[in-house]
*Asks:* 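I have a structure here, written as structure tokens, and I will follow up with some questions on it.
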There are 2 protein chains.
Amino acid sequence: MSKSTLGTAKARREQYGQGGTERGRRTRALLLAAARTVFERDGYLDARVADIVTAAGVSHGTFYTYFDSKLQVFRGVIAEVSAEIQDAVTVPLGERGDRDPSDFVRRLDLSNRRFLDVYRKNHRMLMLMEQMATIDPEVGERRVLGRRRHIERIAASIRRLQREGLVPRDLDPRVAAGALTSMVANFAYHWLAMGEAFDEELAKSTLTRMWLGAIGYTPARS
Amino acid sequence: MSKSTLGTAKARREQYGQGGTERGRRTRALLLAAARTVFERDGYLDARVADIVTAAGVSHGTFYTYFDSKLQVFRGVIAEVSAEIQDAVTVPLGERGDRDPSDFVRRLDLSNRRFLDVYRKNHRMLMLMEQMATIDPEVGERRVLGRRRHIERIAASIRRLQREGLVPRDLDPRVAAGALTSMVANFAYHWLAMGEAFDEELAKSTLTRMWLGAIGYTPARS
DNA sequence: CCTAAATTCGATACCGATGTCGAAAACCGA
DNA sequence: TCGGTTTTCGACATCGGTATCGAATTTAGG
């Protein structure tokens, strides 16, 4: 053991595959970017490792120094996208700070809009993520977790509104949160990924309006 | 030409592949049923033609007498399921007969419940259909058409309610119908196909309630 | 029974993409 | 310049599933 100059790709991967050196990290990033381009163009199944390495301008063997399969590089790309979505959605509904209930509508609208914008930007990869969620357990897991987290956040908001008497107390927060998440996410899917045509501003504002109507939100009791 | 006893599978397919005889029709149906079983168990990608023919108790070659590819037999199965969904959803909201607007809620609720029941019954294939919609253009087309039809029906209902003053006129029927369809269909997907746990009756009634709330439906103006 | 049409059989050709490997090349500190 | 380390290279083995084909078998009519 302790040979110098590792011979097999697998050994290299385990040794310094994550990018032990600046150069290595660059190549890895290059491959990740190229993979994304190819996936967006061809989809997961039709994408070939050969195309990815061509796009990255490296050789076939190099790919396997950094990823042990096409699937793994896909997961890598998806991880980036997921993080971006997470950010866009998480921030705005922030729990701390101004608790003024009248701000709720504004925050909700902002959250939805941010989500839709990020969705549009990444629609191709998100569509693939949706598809791969049923093929690869790990991608599926990631999708489920993202959704669960989001639902929990929404459910908490609903409960707060119920305590404040702005939403009927007999509405089940979990079911409602699930349905609302479905409404927004799936509408985005058909609109932005599948190309159903809608006027941008109309769609966004209608979505927020329906969101509020669905939970029976009553503006105020002045 | 005009040989008797066709030699190649392709020729047979074109000649009497649809089932020229009772026996042939039976085998074809057998294969279709077996395919469905295997797809439901293994998914599309992992399903092998070898498994399908084993399940059907016929030989490999026979399969290709009736279908020219794994994809085509999948389309066949999907066609059956689509038809079943279509039926369940179409009937109840029927446009003729009792136009009593107070019946609307009842009809809507019934339609949603039927949809959810059929979805549960076929959840595995519907999940696969969702997946394949992004892989095979023909399946994708079918899905889009189904959704479009459904949206148009819903939009028409909304317009009627608007004319009757039960729903605000400034709500865009198309966007609303799209969002509602997304809400119900995608909620069903996560609940019935992905196994998110919800109480059955609670989920169903909440869905209808939110549906109505989302369009700003006002029961009556007595 | 006999023949022709209809159906079934299953060994095999085929295929292309993935992932491996041994060695060359580039890099870096001394 | 040198030795060791890190990275790159690209020809090639491997693999498993799809689809094919010519022959065998079954069916139905006369």
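What you see below is based on every heavy atom in this structure, not just the backbone, and it leaves out hydrogens, waters and symmetry mates. Each chain gets a letter, A, B and so on, in the order the sequences are listed, and its residues count up from 1. Since the structure is predicted, the reported quantities are computational estimates derived from the model, not experimental observations.
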*Asks:* Tell me the interatomic distance from A/Q72, atom CD, to C/dT18, atom C1', rounded to whole angstroms.
*Replies:* 14 Å

*Asks:* Could you work out, with salt bridge (Lys or Arg N to Asp or Glu O under 4.0 Å) as the rule, every residue matching A/R174, not counting sequence neighbours?
*Replies:* none

*Asks:* In whole angstroms, how far is the C1' atom of C/dC27 from the CZ atom of A/R25?
*Replies:* 15 Å

*Asks:* Has B/T62 got a side-chain N or O lying under 4.0 Å from the OP1 or OP2 atom of C/dT7?
*Replies:* no

*Asks:* What integer distance in Å separates B/F63:CZ from D/dT20:C1'?
*Replies:* 14 Å

*Asks:* Tell me: CZ of A/F67 to C1' of C/dT18, nearest whole Å?
*Replies:* 16 Å

*Asks:* Sequence neighbours excluded, which residues qualify as side-chain contact (heavy atoms from CB on, under 4.5 Å) partners of A/L202?
*Replies:* A/D199, A/T206, B/D172, B/V175

*Asks:* Reckon A/T65 has a side-chain N or O less than 4.0 Å from the OP1 or OP2 of D/dT7?
*Replies:* no

*Asks:* Over how many whole Å does the gap from A/L45 atom CG to D/dT18 atom C1' extend?
*Replies:* 16 Å

*Asks:* From CZ of A/F74 over to P of C/dT18, roughly how many Å is that when rounded to an integer?
*Replies:* 15 Å

*Asks:* Tell me which of A/S59 and B/L71 sits closer to the 5' end of DNA chain D, going by the nucleotide each one is nearest to.
*Replies:* A/S59

*Asks:* With sequence neighbours excluded, what pairs up with A/R142 under the salt bridge (Lys or Arg N to Asp or Glu O under 4.0 Å) test?
*Replies:* none

*Asks:* Checking contacts here: which listed nucleotide (D/dT18, D/dC9, D/dT7) is nearest the side-chain heavy atoms of A/T21?
*Replies:* D/dT7

*Asks:* Mind checking whether A/Y44 and A/F74 have parallel, tilted or perpendicular rings, split at 30° and 60°?
*Replies:* perpendicular

*Asks:* Any N/O pairs under 3.5 Å between the protein and nucleotides 11-17 of chain D? List them or say none.
*Replies:*
{"from": "D/dG17", "atom 1": "OP1", "to": "B/R48", "atom 2": "NH1", "distance (Å)": "3.4"}

*Asks:* Nearest-Å distance, OH (B/Y64) to C1' (D/dG22)?
*Replies:* 18 Å

*Asks:* Among residues at least two apart in sequence or on other chains, which ones pass side chain to side chain donor-acceptor pair (under 3.5 Å) with B/R148?
*Replies:* none

*Asks:* Quickly work out the A/D46 CG to C/dG16 C1' distance and round it to whole Å.
*Replies:* 13 Å

*Asks:* Which of the following nucleotides, D/dT8, D/dC9, C/dT8, is nearest to the side chain of B/Y66?
*Replies:* C/dT8

*Asks:* Check A/F115 against A/A188 and note the closest heavy-atom contact, atom names and distance.
*Replies:* CE2-CB, 4.0 Å

*Asks:* What nucleotide among D/dT20, D/dT7, C/dT8 has an atom nearest to a side-chain atom of A/R23?
*Replies:* D/dT7

*Asks:* Please list, chain by chain and in numerical order, all residues satisfying side-chain contact (heavy atoms from CB on, under 4.5 Å) with B/S205, sequence neighbours excluded.
*Replies:* B/R113, B/E201

